[in-house]
Novice: 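Below you'll find the structure I mean.
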Amino acid sequence: MSPTQIVVLVIVIVVIAAVGIFAWNAMRRRALRERFGPEYDRVLEEQESRSSAERELRERERRHAELTLTPLSAESRDRYAQAWEELQVLFVDDPARAVGAADELVTRLVAERGYPTENYDDQLAHLSVDHARTLGNYREAHEIHLANERGEASTEQLRKAVVHYRSLVAELLGDEPVASHNTDGPVTDADAR
């Protein structure tokens with residue numbers, strides 16, 4: 001082989017390797033976007049670069065893989081669905097207390113499934129791996145819950161919080177214990193089914 005052929009061969013190999021690396025990174029990025037949905041964009045805004053955001057999301061996947069998550073038994077699922085029904089009824093008479101009860105119910109539910117609950121940020125990071133689509137709702141509901149504890153939440157905000165909690169509860173129960181994800185009207189018994 002002549003020196004020119006060797007140089008051309010090396011250039012071809014380098015170009016093929018670069019295309020392969022680019023394709024691999026694009027595939028990994030697409031997989032992260034599909035898995036994390038809106039959470040991908042939120043983390044991207046928080047981090048200084050795309051690579052650090054994607055590193056954070058891959059680290060979440062790694063930590064999540066270490067968890068021992070368990071499906072709910074039929075009895076537990078029924079118990080949480082019943083607790084949710086009672087919470088919906090409570091909302092009519094005491095919206096502030098219902099939001100606090102919803103936050104507690106979600107915390108118990110995620111703990112029973114095997115997610116850590118000691119640190120809220122860690123809890124969000126772990127939930128984001130399998131429940132990224134409803135995580136924004138949970139975040140907003142929790143913020144309203146905290147505002148409620150400070151006496152700063154309106155009844156409309158409390159209603160939205162319950163509706164947002166409901167979407168995560170439905171997802172964690174693995175079925176749709178609630179029929180509506182309507183955030184425009186009042187929380188009703190029909191919304192709770």
Side-chain angles (χ1 to χ4, degrees), residues 32-50 52-72 76-77 79-81 83-84 86-88 90-91 94-175 177-178 181 183 187 192:
L32 284 173
R33 276 187 171 280
E34 288 174 7
R35 181 162 203 177
F36 286 95
E39 185 70 4
Y40 179 94
D41 295 326
R42 195 190 69 70
V43 173
L44 188 60
E45 288 176 11
E46 287 181 351
Q47 298 290 327
E48 70 260 3
S49 70
R50 181 179 302 277
S52 63
E54 291 176 353
R55 208 173 17 258
E56 161 68 21
L57 294 172
R58 283 191 295 275
E59 177 62 18
R60 288 183 186 187
E61 287 178 321
R62 187 196 62 73
R63 288 190 321 257
H64 181 270
E66 294 173 354
L67 297 176
T68 304
L69 299 178
T70 57
L72 294 173
S76 286
R77 185 176 293 114
R79 189 177 72 248
Y80 283 109
W84 186 260
E86 292 167 7
L87 188 140
Q88 291 283 141
L90 174 62
F91 183 85
D94 193 349
R97 201 167 107 220
V99 168
D103 193 76
E104 291 172 14
L105 180 106
V106 167
T107 300
R108 286 193 320 269
L109 178 54
V110 298
E112 188 168 333
R113 290 286 317 275
Y115 291 99
T117 57
E118 298 81 36
N119 179 293
Y120 177 70
D121 291 330
D122 286 346
Q123 180 181 346
L124 287 176
H126 285 291
L127 284 169
S128 72
V129 177
D130 287 335
H131 304 285
R133 305 250 181 261
T134 54
L135 196 61
N137 287 345
Y138 179 42
R139 246 190 209 99
E140 186 175 349
H142 188 73
E143 288 301 315
I144 293 169
H145 164 65
L146 295 176
N148 181 47
E149 287 184 333
R150 296 186 304 267
E152 300 170 356
S154 69
T155 302
E156 175 59 17
Q157 289 172 314
L158 297 174
R159 184 195 63 75
K160 283 185 177 182
V162 170
V163 171
H164 288 328
Y165 280 123
R166 178 178 55 208
S167 67
L168 182 60
V169 168
E171 194 170 282
L172 288 166
L173 291 180
D175 57 14
V178 293
H181 292 278
T183 60
V187 176

Novice: In Å, rounded to the nearest 0.5 Å, how long is the span from CG of Leu124 to CD of Glu39?
Specialist: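 It is 7.5 Å, given to the nearest 0.5 Å.
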Novice: Taking the side chain as everything from C-beta on, heavy atoms only, tell me whether Tyr165 gets closer than 4.5 Å to His145.
Specialist: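 Heavy-atom side-chain distance check passes, below 4.5 Å.
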Novice: Heavy atoms, side chains only, cut-off 4.5 Å: are Asp130 and Tyr115 in contact?
Specialist: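 Yes, close enough: below the 4.5 Å cut-off.
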Novice: Determine the minimum heavy-atom distance between Phe91 and Thr155, stating which atoms define it.
Specialist: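 Smallest heavy-atom distance, with atoms named: CZ-O, 4.4 Å.
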Novice: Can you measure from CD (Glu118) to OG1 (Thr107) and round to the nearest 0.5 angstrom?
Specialist: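 Between atom CD of Glu118 and atom OG1 of Thr107 there are 11.0 Å.
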Novice: Is the side chain of Arg113 donor-acceptor paired with the backbone N or O of Leu172 at a distance under 3.5 Å, no angle test?
Specialist: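 Looks like yes, one N/O pair under 3.5 Å.
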Novice: To check you understand the geometry: which heavy-atom pair defines the closest contact between Ala161 and Ile144, and what is its length?
Specialist: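 Scanning both residues, the minimum pair turns out to be CB-CG2, 3.7 Å.
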Novice: Please name the pair of heavy atoms, one in Ser128 and one in Leu135, separated by the smallest distance, quoted to 0.1 Å.
Specialist: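 Shortest heavy-atom separation between Ser128 and Leu135 comes out as CB-CD2, 3.4 Å.
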Novice: Answer yes or no: is there a side-chain heavy-atom contact under 4.5 Å between Thr117 and Val110?
Specialist: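 Result yes, sub-4.5 Å side-chain heavy-atom pair found.
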Novice: Between Arg133 and Pro38, which heavy-atom pair has the shortest distance, and what is it?
Specialist: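 Nearest pair, atom of Arg133 first, then Pro38: NH1-CD, 3.4 Å.
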Novice: Would you indicate whether the side-chain heavy atoms of Gln157 and Asn148 approach each other to under 4.5 Å?
Specialist: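 When only atoms from C-beta onward are counted, Gln157 and Asn148 do not touch, as no gap falls below 4.5 Å.
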Novice: Quick one: closest heavy-atom pair of Leu105 and Ala83, and the distance?
Specialist: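 Looking at all heavy atoms of both residues, the closest pair is CD1-CB, 3.3 Å.
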Novice: Take Arg79 and Arg108 through the side-chain contact (heavy atoms from CB on, under 4.5 Å) test and state the conclusion after the steps.
Specialist: CA-CA 12 Å; Arg79 189 177 72 248; Arg108 286 193 320 269; over 6 Å; no
Novice: By side-chain contact (heavy atoms from CB on, under 4.5 Å), which residues pair with Ser52, not counting sequence neighbours?
Specialist: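 Listed in chain order: Gln47, Glu48, Ser49, Arg55.
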Novice: State, with a plain yes or no, whether a side-chain heavy atom of Gln88 is found less than 4.5 Å away from one of Arg166.
Specialist: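 With C-beta onward as the side chain, the pair touches.
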Novice: Do side-chain atoms of Arg77 reach the backbone of Leu173 as a donor and acceptor pair under 3.5 angstrom?
Specialist: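 Answer holds: yes.
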Novice: Would Glu171 and Thr134 count as a side-chain hydrogen bond (donor to acceptor under 3.5 Å, both in side chains) if you check the C-alpha gap in whole Å, the side-chain angles of each, and the deciding distance to 0.1 Å?
Specialist: CA-CA 8 Å; Glu171 194 170 282; Thr134 54; 3.3 Å; yes
Novice: Salt bridge or not between Glu66 and Arg63? Use side-chain N to carboxylate O under 4.0 Å.
Specialist: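 Salt bridge absent between Glu66 and Arg63.
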Novice: Provide the closest heavy-atom pair for Leu90 versus Ala101 in the form atom of the first, atom of the second, distance.
Specialist: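 Scanning both residues, the minimum pair turns out to be CD2-CB, 4.5 Å.
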Novice: At what distance, to the nearest 0.5 angstrom, does OH of Tyr120 lie from CG of Leu127?
Specialist: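 Result: 9.0 Å between the selected atoms.
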Novice: Less than 4.5 Å apart, side chain to side chain, heavy atoms only: is that true for Arg33 and Asp41?
Specialist: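 Yes, their side chains come closer than 4.5 Å.
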Novice: For the atom pair NE2 (His126) and CG (Leu67), what is the distance rounded to the nearest 0.5 Å?
Specialist: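 Output value for this atom pair is 5.0 Å.
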Novice: Identify which one of Glu54, Glu45, Arg35 satisfies the side-chain contact (heavy atoms from CB on, under 4.5 Å) criterion when paired with Tyr40.
Specialist: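 The single option meeting the side-chain contact (heavy atoms from CB on, under 4.5 Å) with Tyr40 is Glu54.
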Novice: Can you tell if the side chain of Leu72 reaches within under 4.5 Å of the side chain of Leu109, non-hydrogen atoms only?
Specialist: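 Side-chain contact under 4.5 Å: yes.
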Novice: Is Val129 close to Phe36 at the side-chain level, that is, under 4.5 Å between some pair of heavy atoms?
Specialist: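 In contact.
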Novice: Does atom CZ of Arg97 have more than 12 heavy-atom neighbours from other groups under 6.0 Å away?
Specialist: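 Not buried by this count: 12 neighbours or fewer within 6.0 Å.
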Novice: Using a strict 4.0 Å threshold on nitrogen-to-oxygen distance, state whether Glu156 and Arg159 make a salt bridge.
Specialist: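 Judged by the 4.0 Å cut-off on N to carboxylate O distance, Glu156 and Arg159 do form a salt bridge.
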Novice: With the threshold set at 4.0 Å, does a side-chain nitrogen-carboxylate oxygen contact exist between Glu143 and Arg139?
Specialist: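 Answer for the salt bridge query: no.
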